[in-house]
Amino acid sequence: MIRHVVFFKFKPEVSPADRADLVARLRALPERVPGILQPEVGEDLVRSPRSYDVALVFGFEDRAAMDRYQVHPNHVPVVERARRLCESIIAVDYEL
């Protein structure tokens with residue numbers, strides 16, 4: 001199994017409505033893109049200077065399933081929106 005972990009840090013000027021919209025889009029991905037296992041999307045509670053605003057953790061059966069997710073037509077627009085709203089996005093993908 002592959003674990004896909006992504007952290008999102010919004011630009012300071014991003015509105016609460018735009019933040020909520022991106023979180024909703026991330027949470028909807030498992031319904032819209034096949035192959036996502038054990039999905040989790042959460043917002044940071046601590047809000048320390050080192051914190052990111054949102055975390056996404058998805059599982060995939062294997063690397064091929066994750067690769068299909070990356071280019072899926074329901075995933076790509078969410079990535080593009082996140083890039084517009086975020087000053088930083090970091091990811092780690094590892095095998096369990």
Side-chain angles (χ1 to χ4, degrees):
M1 176 178 273
I2 303 293
R3 186 75 74 218
H4 175 61
V5 182
V6 184
F7 296 100
F8 303 86
K9 184 177 283 287
F10 290 110
K11 295 175 183 175
E13 66 273 14
V14 173
S15 72
D18 282 338
R19 290 172 180 241
D21 176 69
L22 181 61
V23 170
R25 290 173 190 241
L26 294 171
R27 287 184 172 146
L29 283 171
E31 300 166 8
R32 304 189 71 216
V33 180
I36 298 171
L37 307 173
Q38 303 170 337
E40 296 179 33
V41 175
E43 296 180 71
D44 180 60
L45 299 174
V46 177
R47 301 192 193 281
S48 75
R50 70 179 182 92
S51 294
Y52 272 62
D53 299 305
V54 177
L56 174 149
V57 181
F58 288 170
F60 295 95
E61 183 176 318
D62 53 26
R63 178 69 187 265
M66 187 177 72
D67 290 345
R68 286 189 299 275
Y69 159 80
Q70 294 293 341
V71 296
H72 193 281
N74 289 331
H75 174 245
V76 172
V78 178
V79 171
E80 291 169 353
R81 180 147 176 81
R83 287 181 179 152
R84 286 192 305 271
L85 298 177
C86 294
E87 66 182 30
S88 179
I89 302 172
I90 58 173
V92 176
D93 302 294
Y94 58 93
E95 192 167 15
L96 297 175

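When reading the values below, keep in mind they use all heavy atoms of this one structure, side chains included, and skip hydrogens, waters and symmetry mates.
For A64, the side-chain contact (heavy atoms from CB on, under 4.5 Å) partners two or more places apart in sequence, or in a different chain, are D62, R68. Taking the side-chain hydrogen bond (donor to acceptor under 3.5 Å, both in side chains) definition, one finds that R19 meets it with nothing, sequence neighbours left out. Remark: Q38 pairs with R3 by the side-chain hydrogen bond (donor to acceptor under 3.5 Å, both in side chains) rule, at least two apart or across chains. When the ring-ring contact (aromatic ring centres under 6.0 Å, His included) test is applied to F60, the partners found at least two apart in sequence or on another chain are Y69. Taking the side-chain contact (heavy atoms from CB on, under 4.5 Å) definition, one finds that P34 meets it with H72, sequence neighbours left out. The salt bridge (Lys or Arg N to Asp or Glu O under 4.0 Å) test applied to R32 returns no partner, not counting sequence neighbours. Applying the side-chain contact (heavy atoms from CB on, under 4.5 Å) criterion to K11, with sequence neighbours excluded, gives E13, V14, E87. The salt bridge (Lys or Arg N to Asp or Glu O under 4.0 Å) check on D18 picks up R81, with sequence neighbours excluded.
For the pair F58 and I2, the minimum side-chain heavy-atom distance is 4.5 Å or more. With a 4.5 Å cut-off on side-chain heavy atoms, V54 and L22 do not count as touching.
The CZ atom of R63 lies 4.5 Å from the CE atom of M66; values are rounded to the nearest 0.5 Å. Put simply, CD on E61 and CD1 on I36 are 13.5 Å apart, with the number rounded to the nearest 0.5 Å.
One hydrophobic cluster holds both L29 and F8 under the rule that ILVMFWY side chains link at heavy-atom gaps under 4.5 Å. Each of V57 and L26 belongs to its own hydrophobic cluster when Ile, Leu, Val, Met, Phe, Trp and Tyr are linked at side-chain heavy-atom distances under 4.5 angstrom.
Listed by first and then second residue, the ring pair (Phe, Tyr, Trp, His ring centres under 6.0 Å) pairs involving residues 18-55 amount to none (not counting sequence neighbours).
Scanning both residues, M1 and L37, for their nearest heavy atoms gives CE-CD1, 3.6 Å.
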Which pairs of donor and acceptor atoms, one on a side chain in residues 89-96, lie under 3.5 Å apart (sequence neighbours left out)?
unit_1 : atom_1 : unit_2 : atom_2 : d
D93    : OD1    : H4     : ND1    : 2.4

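If you chain together ILVMFWY residues whose side-chain heavy atoms come under 4.5 Å of each other, V71 ends up in a group of its own. Residue V76 belongs to no hydrophobic cluster, having no ILVMFWY side-chain heavy atom closer than 4.5 Å to its own.
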message: The test is side-chain contact (heavy atoms from CB on, under 4.5 Å); show your working for D53 and D44 and say whether it passes.
response: CA-CA 5 Å; D53 299 305; D44 180 60; 5.5 Å; no
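For the pair K9 (side chain) and S51 (backbone), a donor-acceptor distance under 3.5 Å is present.
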